[in-house]
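Accompanying notes for the structure given below.
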Amino acid sequence: MGSFGEAAMARTVLKFGGTSVADLDRISHVADIVAARAAKGENLAVIVSAMSGETNKLVGLAKGAAGDAVTGVEFDDEYDVVVASGEQVTSGLLALSLRKRGLKARSWLGWQMKMNTREGHGAARIDGFAEDSGFAEAIDAGEVAVVAGFQGVTEEGRVSTLGRGGSDTTA
């Protein structure tokens, strides 16, 4: 596990919460902000939360699908897959909005960045980053990295979530 090396000092991390990305108009506004920063030559990683209210909807869907019959470890890993999808949607939408503005941009999910986590699903802790993901290199090459906050990957290769406020932790 490592950091992202000495070049990390030249990178800028921006974070936008659920209210800032609540709908396509707000995502477009965020894209304008990011585009302005990129135009200044900043190498950017942009962390996004799920759109406002989406995580609560996803929690309800997961609990509804499982009912009272699926609990504990049988519930937790799939719960993380479901609730992490909100940030995945936002990261993809913002990457598309940035591309519409002519920027090189792509979404990055926790498993793609190889943000390794440990401990329990729903409250995982960041353990480090694998240096072979290509994430740092993409940013240094001028690509805007739009990161789905709140999520990582376990040693077993499963999606994990960092708990409420996890997008702030990701940033």
> Gly134 and Trp108: which non-hydrogen atoms are nearest, and at how many Å?
Replying inline: C-CH2, 3.7 Å

> Run the side-chain contact (heavy atoms from CB on, under 4.5 Å) check on Leu94 and Val21 step by step: do they pass?
Replying inline: CA-CA 9 Å; Leu94 181 55; Val21 294; 5.7 Å; no

> Can you check whether Phe16 reaches Ile47 side chain to side chain, under 4.5 Å on heavy atoms?
Replying inline: no

> So, do Asp32 and Arg101 sit near enough that their side-chain heavy atoms are less than 4.5 Å apart?
Replying inline: yes

> Roughly how far apart are Thr12 OG1 and Asn43 CG, rounded to 0.5 Å?
Replying inline: 7.5 Å

>> Please find the pair of heavy atoms, one from Gly17 and one from Lys15, that lie closest to each other, and give the distance.
In response: CA-NZ, 3.4 Å

> Is Leu162 linked to Val81 within one hydrophobic cluster, defined over Ile, Leu, Val, Met, Phe, Trp and Tyr using a side-chain heavy-atom separation of less than 4.5 Å?
Replying inline: no

> What do the steps show when you test Thr55 against Glu87 for side-chain contact (heavy atoms from CB on, under 4.5 Å), and what is the final call?
Replying inline: CA-CA 9 Å; Thr55 301; Glu87 282 75 12; 4.1 Å; yes

> Can you check whether Phe135 reaches Val147 side chain to side chain, under 4.5 Å on heavy atoms?
Replying inline: yes

>> Using the rule that Ile, Leu, Val, Met, Phe, Trp and Tyr join whenever any side-chain heavy atoms are under 4.5 Å apart, tell me whether Val82 and Val59 fall into a single cluster.
In response: yes

>> Between Ser85 and Leu58, does the side-chain contact (heavy atoms from CB on, under 4.5 Å) criterion hold? Intermediate values first, please.
In response: CA-CA 8 Å; Ser85 68; Leu58 294 167; 3.6 Å; yes

> Shortest non-hydrogen contact from Ser107 to Gly92?
Replying inline: CB-N, 4.0 Å

> Minimum heavy-atom separation for Ile139 to Ala45, with atom names?
Replying inline: CD1-CB, 3.9 Å

>> Measuring from atom CE of Met115 to atom OG of Ser160, what distance do you get when rounded to the nearest 0.5 angstrom?
In response: 7.0 Å

>> Within this structure, what is the OG-CZ distance for the pair Ser49 and Phe150, rounded to the nearest 0.5 Å?
In response: 9.0 Å

> What distance separates Leu93 CG from Ser28 OG, expressed to the nearest 0.5 Å?
Replying inline: 11.5 Å

>> Between Leu24 and Val146, is there shared hydrophobic-cluster membership here, with clusters defined by ILVMFWY side-chain heavy atoms closer than 4.5 Å?
In response: yes

> In the hydrophobic cluster built from side-chain contacts under 4.5 Å, what are the other members alongside Leu109?
Replying inline: Trp111, Val153

> Which residues satisfy the salt bridge (charged side-chain N to carboxylate O under 4.0 Å, His left out) test with Arg118, sequence neighbours excluded?
Replying inline: Asp127

>> Go through it in stages, so that I can follow the logic: the residues are Arg99 and Arg106, the test is side-chain contact (heavy atoms from CB on, under 4.5 Å), and I'd like the CA-CA distance, side-chain angles, deciding distance and then a yes or no.
In response: CA-CA 8 Å; Arg99 287 179 179 178; Arg106 72 161 274 194; 3.9 Å; yes

> In Å and rounded to the nearest 0.5 Å, what is the CD to CD distance from Gln151 to Gln112?
Replying inline: 9.0 Å

>> Nearest 0.5 angstrom please: Leu14 CG to Ser20 OG, how far?
In response: 11.0 Å

>> Testing Thr117, Asp80, Asp76 one by one against Thr161 for a side-chain hydrogen bond (donor to acceptor under 3.5 Å, both in side chains), which residue passes?
In response: Asp80

>> Does anything in residues 32-78 form a ring pair (Phe, Tyr, Trp, His ring centres under 6.0 Å)? List the pairs, not counting sequence neighbours.
In response: Phe75-Tyr79

> Between Val159 and Ala84, what is the shortest heavy-atom contact and its length?
Replying inline: CG1-CB, 3.9 Å

>> If the condition is salt bridge (charged side-chain N to carboxylate O under 4.0 Å, His left out), which residues does Arg26 pass it with, not counting sequence neighbours?
In response: none

>> Using every non-hydrogen atom in the two residues, find where Val73 and Asp77 come nearest and quote the distance to one decimal.
In response: O-OD1, 3.5 Å

> Listed by chain and number, what are the salt bridge (charged side-chain N to carboxylate O under 4.0 Å, His left out) partners of Asp23, not counting sequence neighbours?
Replying inline: none

> Do Leu96 and Ile27 sit in the same hydrophobic cluster, where Ile, Leu, Val, Met, Phe, Trp and Tyr count as joined when their side-chain heavy atoms come under 4.5 Å apart?
Replying inline: no

> Does anything in residues 39-61 pair up under salt bridge (charged side-chain N to carboxylate O under 4.0 Å, His left out), and if so which pairs, sequence neighbours excluded?
Replying inline: Arg37-Glu42, Glu54-Lys57

